[in-house]
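Protein chains get the first letters and strands the later ones, always in sequence-line order, with residue 1 at the start of each.
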Amino acid sequence: MEVVEEDPYRFRIARRARMRVPGVVFASRDLLSHAEKALEQVVNVAALPGIVGASYAMPDVHWGYGFPIGGVAATDVADGGVVSPGGVGFDISCGVRLLAADCDRTAIGPALPAIMDGLGQDTPRGAVTGAVWHLGSDRLLERVLAGGSRYAVEEGHGEDGDLRRCEDDGAVADADTGQVGARARERGLGQVGSLGSGNHFLEVQEVAEVYDEPVAAAFGLALGQVCVMIHCGSRGLGHQICSDHVRAMDRAMRRYGIEVPDRQLACAPVDSPEGRAYLGAMAAAANYARANRQLLGELSRRVFRREAGVRLTLVYDVSHNLAKIEEHEVDATPRTLCVHRKGATRALPPGHPDLPADLRGVGQPVLIPGTMGTCSYVLTGVPRGEAFHSTCHGAGREKSRHQAARGVSGRELRSRLEARGIAVRASSWRGLAEETPEAYKDVSAVVEASEGAGLCRRVVRLVPLGVVKG
DNA sequence: ATGTAC
């Protein structure tokens, strides 16, 4: 495959064969050398009906189901543009929530072990079912699917200021709960307020470096400040919705005469019964994920208040697996696009109307979870951001789970982390070993390339004090 | 990521 360096941190794959648009990869040379296999998927995505601009890849791109993880693709709704569940991923609206404590590391120090014990005991996690909120009935699940974080806050699981610091004010509009199947509902009923497993985590962190003090201050962040970062998604419910709609679209494609280079790119026109059905179900799953993070945030607040008398304020909540109908200019013409971000984070620039008033001057907080035991970042959107205002989402896996677990035992990894002063509360040794930092790309290199490519700007770097793992 | 296969 011919990949041409256009600028430092920007590479182009020229159009050929079935590609409707070129591929654009934002990466350093080093990161690009790890992404070769995923670039085949970038090329495949470029063949989607209605795709505009380019098939984009972020610096943390890696192999995924059909679409690469770290991919961004937008289709023109009025020009036969399609929506594809593979362009969102199985974990619909997987994302990150960051809360800031009203104290710094030195003040909280003595209470940290009790806080970690409290979080470790109270956070439902791992592959098994268990939740903070026992819905008990399909009627209440229906409200979660329609109302997301907003419904959780209305029911007392949150504070007044929370919703304006959530993407979409805490709930995606246009959820069509009628498109959420019985199996998805069954799986979702007992998991609202649970972390899950894999790379999902809850971390207590400290702001270790501030790159832009005025923007950090607008976000409510300062050097030394204690934070809580929560990375999780829509659990079994989102997974089931993705499976159900991939199957429906696989059947529908022939009827619409759509041909794609990989069956995993199953899709349907946005403006079709199947396209609308998926988008409605996807929005419901997105609301479930938002409610999930809202409840885990509340759980953290309770533990911090109980163990240390510390208050937590929401900085932001943003998803990195979602398709959204957005207005963008294409060739100087405003168009309505379906923007797929899979392992890519929306990064609104300063002045964007979708930002809350108190952030309008500085841009959207972009939350980047690092690998366990390394660091995480808060970035912000920039004017003229490319790829429809998108940037990276994290470190990006490099080694398989199996490879990772072969290299280190869970017990050994925990002692390594604890020796560095990081408290570990894991639910499975095997799960911990699979998430060893060596299995991932360097999140700092990913963030550096994203900033270098002009997709975002660094605001602060966070380091872990304690980690709760599924 | 995921009741790690239907």
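- A donor-acceptor contact shorter than 3.5 Å is absent between the side chain of A:Tyr377 and the backbone of A:Leu367.
- Rounded to an integer number of Å, the gap from A:Arg397 CZ to B:dT4 P is 17 Å.
- Contact annotation for A:Gly233: no contact, since no heavy-atom pair falls under 4.0 Å across all strands.
- In this view, A:Arg430 and A:Glu434 satisfy the side chain to side chain donor-acceptor pair (under 3.5 Å) rule, not counting sequence neighbours.
- Distance, A:Gln240 CD to B:dA5 C1': 13 Å, rounded to whole Å.
- Residue A:Ser243 places none of its side-chain N or O atoms closer than 4.0 Å to OP1 or OP2 of B:dT2.
- The separation between A:Arg401 atom CZ and B:dT2 atom C1' is 10 Å, rounded to whole Å.
- Applying the ring-ring contact (aromatic ring centres under 6.0 Å, His included) rule to A:His340 yields the partners A:Phe67; only residues at least two apart in sequence or on another chain are considered.
- Phosphate contact (OP1/OP2 of B:dT2, side-chain N/O of A:Arg235, threshold under 4.0 Å): present.
- In this structure, CD of A:Glu435 is placed 17 Å from P of B:dT4, rounded to the nearest angstrom.
- If you measure from atom CG of A:Asn321 to atom C1' of B:dT2, you get 13 Å, rounded to the nearest angstrom.
- Remark: side-chain polar atoms of A:His393 are not paired, donor with acceptor, to backbone N or O of A:Thr391 under 3.5 angstrom.
- Note on A:Glu434: nothing from the nucleic acid sits closer than 4.0 angstrom, heavy atoms only.
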